[in-house]
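Everything on this sheet refers to the single structure shown next.
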Amino acid sequence: AAALNKFKDDEWFPHCHMVPQWCYASSVDYMLPLTGDLNNSVQALHPDLARLDLRYENTESAGLAIPGPCDRFNITNDCINSTNLQALHEHFRDDFANIDPLFERGTIVKDGVVQPWRIPGRFVLGRIIKNDTKCENTGMRTLLSPSPCDKGPSAPGASKPTCVGSIEECARLAARDLNCSAVIDYWGGDDEGPTGAFPGWCRCVLRGHRCKLRFGKGFRVASFRLDS
């Protein structure tokens, strides 16, 4: 309780330790679980990081030299009681609301590497970059709605319905997919909904790729961002 009161008077006390972590996490798209496989997780985050090598800088956390601060300063939870526990819950309420569910879901391992977590947040659809334009097929992923619309036919080679109800839903699907960048193309319009030869076909540009524009009647290319 004393530390919380001190923090209210002095926002620099004691640096980042009292700041709710959502202040940092809400400003990024991904968060990496701190595991023994952190180096490989960072490399998997983006192709540009594939050759990055992390060195041990904080040896107390790595257990390589001296004990951590809890052991050195005899920090325990003995001082926690019902009153200050309630104050802690209030102070870190955004962490409990937004970050706790990520831990509850657990880590995702792909090809032996712990994958980054997509930070939850509301997406904001950016300006329409191009109408009657789509991205070339290379580096694209078709996204499927859990409740596909009943307009057809589906996209070429698809084994499931590919009709997504709106460009907003298409952006939402891309925002939830770790492999997607923030650029999508969608077959449909604002008012008329899914249209064209393959109505509601929704695709995202995969991370590490670029959208190479080409003509596509009824297609629209758009961007989005996450807004926490």
Side-chain angles (χ1 to χ4, degrees), residues 22-32 41-50 52 94 98-99 101-102 105 108 110 115-149 151 154-158 160-228:
W22 186 242
C23 290
Y24 307 106
S26 62
S27 301
V28 299
D29 293 335
Y30 300 96
M31 188 166 68
L32 292 175
S41 296
V42 172
Q43 292 178 347
L45 185 61
H46 192 276
D48 290 346
L49 303 175
L52 183 68
D94 289 335
N98 298 297
I99 298 179
L102 298 177
R105 254 182 285 168
I108 299 173
K110 181 179 179 182
Q115 297 297 297
W117 287 327
R118 169 78 83 171
I119 296 298
R122 298 183 300 274
F123 76 90
V124 175
L125 193 63
R127 65 184 182 87
I128 300 300
I129 301 174
K130 291 284 186 180
N131 288 309
D132 290 331
T133 306
K134 68 176 184 176
C135 303
E136 289 188 357
N137 293 332
T138 303
M140 302 296 293
R141 164 174 287 192
T142 295
L143 302 174
L144 303 178
S145 171
S147 303
C149 37
K151 294 184 178 180
S154 291
K160 295 181 179 181
T162 56
C163 183
V164 173
S166 67
I167 195 169
E168 288 80 8
E169 184 183 0
C170 181
R172 187 179 302 112
L173 293 171
R176 293 175 179 172
D177 193 312
L178 281 174
N179 295 295
C180 288
S181 70
V183 177
I184 56 175
D185 64 10
Y186 176 77
W187 211 320
D190 282 329
D191 300 324
E192 61 271 27
T195 57
F198 307 105
W201 187 7
C202 165
R203 305 187 302 173
C204 74
V205 179
L206 293 170
R207 290 189 295 130
H209 293 265
R210 293 183 178 181
C211 174
K212 297 180 180 179
L213 299 176
R214 57 175 293 182
F215 177 76
K217 183 65 177 176
F219 256 108
R220 295 192 296 165
V221 174
S223 62
F224 68 90
R225 64 181 174 85
L226 293 180
D227 180 28
S228 300

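Hydrogens, waters and symmetry mates play no part in the numbers below; they use all other heavy atoms, side chains included.
- Side-chain contact between Met140 and Lys134 is absent, with no heavy-atom pair separated by less than 4.5 Å.
- For the pair Tyr30 and Asp177, the tightest heavy-atom approach, listed with the atom from each and the gap, is OH-O, 4.4 Å.
- Taking CZ of Arg214 as the start and CG of Asp132 as the end, the distance is 13.5 Å to the nearest 0.5 Å.
- Between Thr162 and Leu144 the shortest side-chain heavy-atom distance falls below 4.5 Å.
- Using cut-offs of 30° and 60° for the angle between ring planes, the Trp187 and Trp201 rings count as parallel.
- Between Thr142 atom OG1 and Lys160 atom NZ the span is 13.0 Å, to the nearest 0.5 Å.
- Here the closest heavy-atom approach between residue Ile99 and residue Ala25 is recorded as CD1-CB, 4.2 Å.
- The two residues Leu32 and Ser41 have their closest heavy-atom pair at CD2-O, 3.9 Å.
- Atom CZ of residue Arg172 and atom CD1 of residue Ile167 lie 12.0 Å apart, to the nearest 0.5 angstrom.
- The shortest non-hydrogen separation linking Arg203 to Cys170 is N-SG, 4.1 Å.
- To the nearest 0.5 angstrom, Tyr186 atom OH is 5.5 Å from Ser166 atom OG.
- One distance of note links NE2 of His209 with CZ of Arg141; it measures 10.5 Å at 0.5 Å rounding.
- Remark: the backbone N or O of Val205 is paired with a side-chain donor or acceptor of Ser181 at under 3.5 angstrom.
- Note that the SG atom of Cys202 and the CG atom of Asp185 stand 8.0 Å from one another [nearest 0.5 Å].
- Inter-residue side-chain proximity for Leu173 and Val164 is flagged as met; some heavy-atom pair is nearer than 4.5 Å.
- Of all the heavy atoms in Pro194 and Gly200, the pair that sits closest is CB-N, 3.4 Å.
- Cys163 and Ser145 make their closest contact through O-CB, 4.3 Å (heavy atoms, listed as atom of the first residue, atom of the second, distance).
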